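Numbers for residues simply follow the sequence, beginning at 1. Computed from a prediction, not measured in an experiment: that's the story for all the values here.
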Amino acid sequence: MAVCLIGDVTVKDPAAYEQYREEAGDLISRHRGEYVVRGGEVEVVTGDWRPNRLIILRFPDKAAVRAYLADPVFQQLGELRQRAIQSQIVMVEGIDSA
């Protein structure tokens, strides 16, 4: 069953963010992940949630997400990620991978 990582991201350093995006994109692909949403316009329909920049990644299953998060390259990107963005991220399962 497919799993998504959903992140509400605030970019703190645009140059560092561009570097992080490039390096993270390759890593996401290696773990069979793909971008579903990457920073498009957000329109609040109901409620108070006002995400800054919404990122949604889809992976084939939880094992792929955990492998991505545990990858040494992901760990090495930690300092760059901390400098580039502030984020809130959740993992959601139960999405059919059609």
Sequence neighbours excluded - ring-ring contact (aromatic ring centres under 6.0 Å, His included) pairs with any residue from residues 1-22: none
field: Nearest heavy-atom neighbours spanning Pro60 and Arg32
entry: CD-O, 3.2 Å
query: What pairs of residues pass the ring-ring contact (aromatic ring centres under 6.0 Å, His included) test when at least one of them lies in residues 61-93, not counting sequence neighbours?
result: Phe59-Tyr68, Tyr68-Phe74
Partner set under salt bridge (Lys or Arg N to Asp or Glu O under 4.0 Å) for Glu34, not counting sequence neighbours: Arg58
message: Nearest 0.5 angstrom please: Ile56 CD1 to Ile89 CD1, how far?
response: 12.0 Å
- line: dist Asp26:CG -> His31:NE2 (nearest 0.5 Å) comes out at 11.0 Å
message: According to salt bridge (Lys or Arg N to Asp or Glu O under 4.0 Å), does anything in residues 36-48 pair up with another residue at least two apart or in another chain? List the pairs.
response: none
message: Heavy-atom count check: over 12 atoms from other residues, nucleotides or ligands less than 6.0 Å from Gln75 CD?
response: yes
Enumerate donor-acceptor pairs with a distance under 3.5 Å from any side-chain N or O in residues 2-12 to protein atoms, sequence neighbours excluded.
{"residue": "Asp8", "atom": "OD1", "partner": "Asn52", "partner atom": "N", "Å": "2.8"}
{"residue": "Asp8", "atom": "OD2", "partner": "Trp49", "partner atom": "NE1", "Å": "3.4"}
{"residue": "Thr10", "atom": "OG1", "partner": "Asn52", "partner atom": "ND2", "Å": "2.7"}
{"residue": "Lys12", "atom": "NZ", "partner": "Gln82", "partner atom": "O", "Å": "2.7"}

query: Can you list the steps and then say if Val36 with Leu57 is a side-chain contact (heavy atoms from CB on, under 4.5 Å)?
result: CA-CA 6 Å; Val36 177; Leu57 303 173; over 6 Å; no
Least distance between heavy atoms, Gly39 atom then Ile55 atom: N-CD1, 4.0 Å
task: List in chain and number order the residues that pass side chain to side chain donor-acceptor pair (under 3.5 Å) with Glu23, two or more places apart in sequence or in another chain; answer none if no residue qualifies.
output: Gln19
- prompt: So does Glu18 have more than 12 non-hydrogen atoms from other groups sitting under 6.0 Å from CD?
  reply: yes
task: State plainly whether one hydrophobic cluster holds both Val44 and Val90, where clusters connect Ile, Leu, Val, Met, Phe, Trp and Tyr through side-chain heavy atoms under 4.5 angstrom apart.
output: no
field: Set of side chain to side chain contact (heavy atoms under 4.5 Å, CB included) partners for Arg30, sequence neighbours left out
entry: Leu27, Val73
Pairs meeting criterion salt bridge (Lys or Arg N to Asp or Glu O under 4.0 Å) with involvement of residues 62-78, two or more places apart: Lys62-Glu93
message: If the condition is side chain to side chain donor-acceptor pair (under 3.5 Å), which residues does Gln86 pass it with, not counting sequence neighbours?
response: none
